[in-house]
Amino acid sequence: MLEKGEQETMVEELNNNLKEVPQQVTFNLKTTDHFVLVHGISGGAWCWYKIRCLMENSGYKVSCVDLKSSGIDQSDANSVFSFDDYNKPLLDLLSALPENEQVILVGHSAGGLSVTHATLMFPKKIRLAVYVAATMLKLGYSTDQDIKDGVPDLSEFGDIYELGFGLGSNKPPTSAMIKKEFQRKIIYQMSPQEDSTLAAMLLRPGPLLAITTARFEEKDEVEKVPRVYVKTLHDHVVKPEQQDSMIKRWPPSEVYVLDSDHSPFFSTPFLLFGFLVKAAAYGGLK
């Protein structure tokens, strides 16, 4: 748990961040806003428990989705071969929304691919797309540069993956998960020990084949949804230079910066919450 002094410091920083929102923007903040939070590979809806608590205590509506083979979804990652199949739970959630309801869609890490896919499919239902340390590629993994920018290079840490071969040992791997002994060092190095311990208990193999074959058609609809990027300065997974390249190639309307590891929902939850609320305020401007 955070010490009282640490909590006070984080709350003060949050208040200072929110003070930066112009008065006319603050007026557009509505506690009726609906945030939809999407996890990355191996994660689940559980990743967002701190952010969900902060949001719901502030009166916002929050939905946290488990993508296929993730969280409490019962599917086996080694049986999920397409990105459409993997992302179906998110698309089903958006499809079921009332016709006039719009959401703020937030994706973490590989969840950025899910966000982009959703904006292509349901642009009228998404008021704002927020990428948190996320893969922000307009066309998915369509070019060598997309792969360079969007695929984590963790080779410096050694042999870190547990791989699954659902199509046979002579075929490319269908699932992957970072080995337990590397998880804190790579994903959660600035996060509280109890959160990295929780993650070690809940992380599951992610459908690697489905995610790495994500490719999207170029459509004008994707540009109709405003985008915000939340950059994480001490990220070992999606490194800052990768984030910078994606931002440069497909510029969002705003970029916020967190002094965080790859998991700001654990390491800097108050500040991330503040940025999400601030982004929603700007995204609401007409």
Next item on the list: Give the C-alpha distance, both sets of side-chain angles, the deciding distance and a yes or no for side-chain contact (heavy atoms from CB on, under 4.5 Å) between W48 and L54.
Entry: CA-CA 10 Å; W48 299 101; L54 288 167; over 6 Å; no
Next item on the list: Show your reasoning for whether side-chain contact (heavy atoms from CB on, under 4.5 Å) applies to S253 and V228.
Entry: CA-CA 6 Å; S253 56; V228 168; 4.1 Å; yes
Note to self: For a ring pair (Phe, Tyr, Trp, His ring centres under 6.0 Å) check, start with the C-alpha distance between F182 and F157, then their side-chain angles and the critical distance, and finish with the verdict.
What the structure shows: CA-CA 8 Å; F182 293 100; F157 296 101; 7.5 Å; no
Item checked: Test item: side-chain donor near acceptor, D84 and S82, under 3.5 Å -> no
Check: So, K68 side chain and P89 main chain: donor-acceptor pair closer than 3.5 Å or not?
Finding: no
Next item on the list: Indicate, with yes or no, if L139 and M246 share a hydrophobic cluster defined by side-chain heavy-atom contacts under 4.5 Å among Ile, Leu, Val, Met, Phe, Trp and Tyr.
Entry: no
Next item on the list: Begin with the C-alpha distance, continue with both residues' side-chain angles, and end with the deciding distance and a verdict on side-chain hydrogen bond (donor to acceptor under 3.5 Å, both in side chains) for H34 and S63.
Entry: CA-CA 8 Å; H34 182 183; S63 298; 2.7 Å; yes
Item checked: hydrophobic_cluster_shared for L163 and Y86, side chain cutoff 4.5 Å -> yes
Check: Going through the distances and angles, do S95 and M121 end up as a side-chain contact (heavy atoms from CB on, under 4.5 Å)?
Finding: CA-CA 9 Å; S95 178; M121 301 298 292; over 6 Å; no
Report all side-chain donor-acceptor pairs from residues 164-177 shorter than 3.5 Å, counting only partners two or more places apart or in another chain.
{"residue": "T174", "atom": "OG1", "partner": "N78", "partner atom": "OD1", "Å": "2.6"}
{"residue": "T174", "atom": "OG1", "partner": "G164", "partner atom": "O", "Å": "3.2"}
{"residue": "T174", "atom": "OG1", "partner": "G166", "partner atom": "N", "Å": "2.7"}
{"residue": "S175", "atom": "OG", "partner": "N78", "partner atom": "OD1", "Å": "2.8"}
{"residue": "S175", "atom": "OG", "partner": "G164", "partner atom": "N", "Å": "3.3"}

Check: Would you find a donor on one side and an acceptor on the other, under 3.5 Å apart, between the side chain of Q242 and the backbone of V151?
Finding: yes
Note to self: Do S191 and D261 pair up side chain to side chain, a donor and an acceptor below 3.5 Å, judged on atom types alone?
What the structure shows: yes
Next item on the list: Could you tell me whether K88 atom NZ has more than 12 heavy atoms of other residues or ligands within 6.0 Å of it?
Entry: no
Next item on the list: Answer yes or no: is there an ion pair linking K124 with E221, defined by an N-O contact shorter than 4.0 Å?
Entry: no
Notebook entry, point to check: Is atom CG of D92 surrounded by more than 12 heavy atoms (other residues, nucleotides or ligands) closer than 6.0 Å?
Noted result: yes
Notebook entry, point to check: Checking salt bridge (charged side-chain N to carboxylate O under 4.0 Å, His left out) for the pair K148/D153: CA distance, chi angles, key distance, verdict?
Noted result: CA-CA 8 Å; K148 181 180 179 181; D153 178 8; over 6 Å; no
Checklist line | Partner set under side-chain hydrogen bond (donor to acceptor under 3.5 Å, both in side chains) for R215, not counting sequence neighbours | finding: none
Item checked: Residue E217 excluded, over 12 heavy atoms near CD under 6.0 Å -> no
Item checked: Single hit among Y131, Y229, F266, F265 for ring pair (Phe, Tyr, Trp, His ring centres under 6.0 Å) with H108 -> F265
Next item on the list: First locate atom CZ of F122, then atom CG of L105, and finally report the distance between them rounded to the nearest 0.5 Å.
Entry: 11.5 Å
Margin query: Please determine whether a side-chain nitrogen of the Lys or Arg among R249 and D146 lies less than 4.0 Å from a carboxylate oxygen of the Asp or Glu.
Written below: yes
Note to self: Looking at E162 and P205, would you say the former's side chain and the latter's main chain have a donor-acceptor pair under 3.5 Å?
What the structure shows: no
Check: What residue among T135, N87, T119 forms side chain to side chain donor-acceptor pair (under 3.5 Å) with S114?
Finding: N87
Check: More than 12 heavy atoms of other residues, nucleotides or ligands under 6.0 Å from CD of E241: is that the case?
Finding: yes
Next item on the list: Give a yes or no on whether L209 and F83 share a hydrophobic cluster (residues Ile, Leu, Val, Met, Phe, Trp, Tyr; joining criterion: side-chain heavy atoms under 4.5 Å apart).
Entry: no
Next item on the list: Taking atom CD of Q74 as the centre, report whether more than 12 heavy atoms of other residues, nucleotides or ligands fall under 6.0 Å from it.
Entry: no
Checklist line | More than 12 heavy atoms from other groups under 6.0 Å of NZ on K185 | finding: no
Checklist line | For Y141, all residues meeting ring-ring contact (aromatic ring centres under 6.0 Å, His included), sequence neighbours excluded | finding: none
Next item on the list: May I ask you to test the T116-W250 pair for a side-chain heavy-atom distance under 4.5 Å?
Entry: yes
